[in-house]
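So the structure is just underneath, and the comments pick up after that.
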Amino acid sequence: MELRYLFKKTQTDDIEPEKKAASEAPQTPQGLFQKCDACGQTIFAEELRKDLFVCPTCGNYFRMFASTRIADIIDKGTFEEWDTDIGETNPLNTPGYEDKIRRLQDKTELDEAIVTGKGLINGHPSCIGVMDCRFMMASMGSVVGEKITRMFERATDEGLPVIIFTASGGARMQEGIVSLMQMAKTSAAIKRHSDKGLLYITVLTDPTTGGVTASFAMLGDIILAEPGALIGFAGPRVIEQTIGQKLPEGFQRSEFLLEHGFVDAVVARKGMKKYISNILKLHENNGEYSFDGVKAKKKTARKNKLSAWDKVMISRGKDRPVAQDYIKSLFPDFVEFHGDRFVKDDQAIMGGIATFAGRAVTVIAESKGHDTKQNVERNFGMPSPDGYRKALRLMKQAEKFGRPVICLIDTPGAYCGLEAEERGQGEAIARNLYELSSLKVPVLSIIISEAGSGGALALGVSDKVWMLENAIYAILSPEGYASILWKDSKRAPEAAAEMKLTAEDMLSLGIVEKVITEPEELTHANLSEVTDQIASDLAGFIKDNLEFDGDALCEERYNRYRKYGA
């Protein structure tokens, strides 16, 4: 392949070579330099190659050949390419289409717009597909759809994960409705792969648009994106022409999609292989568990009796550790995922995957901040519907891969605001209760501070519920209780005692199974006294559930909640 094509960011493959002006001929040795379209900087080709085709001046991402991408992601010498001999078709008898295909095959040394095969990613066996924009803007014709479908069928048979790097203008116009059918065909193959409990990761690169976005690109269990990539169904020019408005800066870029809940993470190109291999590692259940290294439970001396109101104030303390602190201590290899795949990434809910004692787990937490700025970003730990839907997405993902779910609860309650109601706050909470009741994996919830109303219960329909000694669990705040019943919020301390909201109360009512003791004043400095206890008990929970029957778990969970009341 000629080096000059590798550095092209603006696609020129559709221009006939004989029609290019003579003035376009390079004035320097061919392939020695490349100009960045974003900043105009002239870059040495070799320097650009070393930087994985990211401009060293402005960080602009150049498009990559499929072969270059595979060389970067797949361990050297392990790639086996598949399905290079599928015959091209011209279902609509489009004039000149077959000749154009042959010219592109000669020019790019590709058989089609995607390369598929399998190899190792830091030692992890995987199937991989990489789209290449030089071939008809990586549009999806029948051969592209067939190669993707065959890859998923083979991955399903061999029990392998699939990673696809997307880059496409969408469905191929020259094949018309037959191209459209590839959207359905590939999606159906992905569903069969998913039903076998196998992992699918998509990496969205610039550009990912049209029918590719509306099919296999957005169906990954985990969806990653390169920085600044254009991602959307309709292209920006089409949208502007349709609505007659100028689009805002950054619209349809990777960061926009992250903010709006459609991708799990935006990952730099240089760190992509490591990021993907880490995800693959977390999804490989090799049965090698180790509970010996988990610290034994530490006993903490009992302190003076505190009132219910005292505990309310302690649970709300500004210096009290928050969910991120527990995750950092208990799950150091935690990988966070983002978004509800509908509207937004609600930072009041954080979730992802990690290991504990060698066992892969899903961790979901209601998340406050350490300071005012972080609390504003996380809405003071009050989730919106988008947060609950993100949590549910991760719970269902855990069910697919057979991972226990660990929930950390810390919220004054679900967010009550105009946008939350418009997006269905009640439905989102109800859906979580509904799905959690029959989730076919072990679920443990730990109340670390406040647990307010249905906003807490949305993460609390579990096999076991544990609670820190000075945490609270209530139908609403004591202030709200006093205001509604007595028309006097100043009677909140009295209300707290009447509401029976302490950990001791929850234990006596059978709402929780375990109370975790705390030091006299719980801070970041002595958090290990609590997390050591949690780690010891969590090891027991994980060990007891190494082998589990999903139907039996659901029956036990049903009976756990069936007993409450009359």
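Below, all heavy atoms of this structure are taken into account, side chains as well, without hydrogens, waters or symmetry copies.
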Just wondering, do [Y] and [X] contact through their side chains at under 4.5 Å, heavy atoms?
X    : Y    : value
I542 : P404 : yes
D488 : S483 : no
C554 : L439 : no
V162 : I164 : yes
I74  : I128 : yes
F401 : D221 : yes

> Can you name the ring-ring contact (aromatic ring centres under 6.0 Å, His included) partners of Y558, sequence neighbours left out?
Replying inline: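 Scan of Y558 (ring-ring contact (aromatic ring centres under 6.0 Å, His included), adjacent residues dropped) gives none.
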Look only at the side chain of [X] and the backbone of [Y], and say whether a donor-acceptor pair between them is shorter than 3.5 Å.
X    : Y    : result
D333 : T355 : yes
D345 : L258 : no
S384 : G387 : no
N559 : R562 : no
S329 : D325 : no
Y473 : D505 : no
E518 : N470 : yes
S536 : D532 : no
R378 : G369 : no
R491 : W486 : no

Take a 6.0 Å sphere around [atom1] of [X] and say whether it holds more than 12 heavy atoms from other residues, nucleotides or ligands.
X    : atom1 : result
K274 : NZ    : no
K563 : NZ    : yes
R316 : CZ    : yes
K400 : NZ    : yes
E435 : CD    : yes
I475 : CD1   : no
F541 : CZ    : yes

Out of curiosity, [X] [atom1] to [Y] [atom2], how far, rounded to the nearest 0.5 Å?
X    : Y    : atom1 : atom2 : result
F256 : I231 : CZ    : CD1   : 11.0 Å
T502 : D310 : OG1   : CG    : 11.5 Å
D264 : L257 : CG    : CG    : 11.5 Å
I314 : E469 : CD1   : CD    : 9.0 Å
L230 : T205 : CG    : OG1   : 10.5 Å
E513 : D463 : CD    : CG    : 9.0 Å

> In a check of side-chain hydrogen bond (donor to acceptor under 3.5 Å, both in side chains) between K368 and each of N379, D410, T411, which one passes?
Replying inline: D410
> Is there a side-chain hydrogen bond (donor to acceptor under 3.5 Å, both in side chains) between R192 and T156 once you walk through the steps?
Replying inline: CA-CA 7 Å; R192 290 192 171 195; T156 302; over 6 Å; no
> Which heavy atom of E336 sits nearest a heavy atom of Y275, and at what distance?
Replying inline: O-OH, 3.9 Å
> Given the rule in the salt bridge (charged side-chain N to carboxylate O under 4.0 Å, His left out) test, do R389 and E427 qualify, once you have shown the distances and angles that lead to the verdict?
Replying inline: CA-CA 10 Å; R389 289 174 179 134; E427 190 280 337; 2.9 Å; yes
>> Quick test of your reading of the model: are E556 and R560 salt-bridged, counting only N-O distances below 4.0 Å?
In response: no
> Are K490 and E479 close enough for a salt bridge, meaning some N to O gap below 4.0 Å?
Replying inline: no
>> Run E555 and K440 through salt bridge (charged side-chain N to carboxylate O under 4.0 Å, His left out) and show every step you take.
In response: CA-CA 10 Å; E555 185 66 22; K440 294 183 184 294; over 6 Å; no
Looking only at side-chain N and O atoms, does [Y] offer a donor or acceptor that is under 3.5 Å from a partner on [X]?
X    : Y    : result
S367 : Q347 : no
D319 : T523 : no
E498 : Y481 : yes
T372 : N375 : no
S254 : E226 : no

>> Would you call the rings of H524 and H370 parallel, tilted or perpendicular, taking 30° and 60° as the class edges?
In response: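 Ring orientation of H524 relative to H370: tilted.
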>> Applying salt bridge (Lys or Arg N to Asp or Glu O under 4.0 Å), can you list everything that pairs with D340, at least two apart in sequence or on another chain?
In response: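 Applying salt bridge (Lys or Arg N to Asp or Glu O under 4.0 Å) to D340 gives none.
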> Do you know which of L408, L436, V443, I349 makes side-chain contact (heavy atoms from CB on, under 4.5 Å) with L459?
Replying inline: I349
> D75 and K273: salt bridge (charged side-chain N to carboxylate O under 4.0 Å, His left out), yes or no, with the steps?
Replying inline: CA-CA 10 Å; D75 298 349; K273 180 174 182 177; 2.9 Å; yes
> Going through the distances and angles, do D195 and K191 end up as a salt bridge (charged side-chain N to carboxylate O under 4.0 Å, His left out)?
Replying inline: CA-CA 6 Å; D195 287 347; K191 181 63 167 64; 2.8 Å; yes
>> Considering only residues two or more places apart or on different chains, which pairs with a residue in residues 403-436 satisfy ring-ring contact (aromatic ring centres under 6.0 Å, His included)?
In response: none
> So, for Y200 and H193, is the gap between ring centers shorter than 6.0 Å?
Replying inline: no
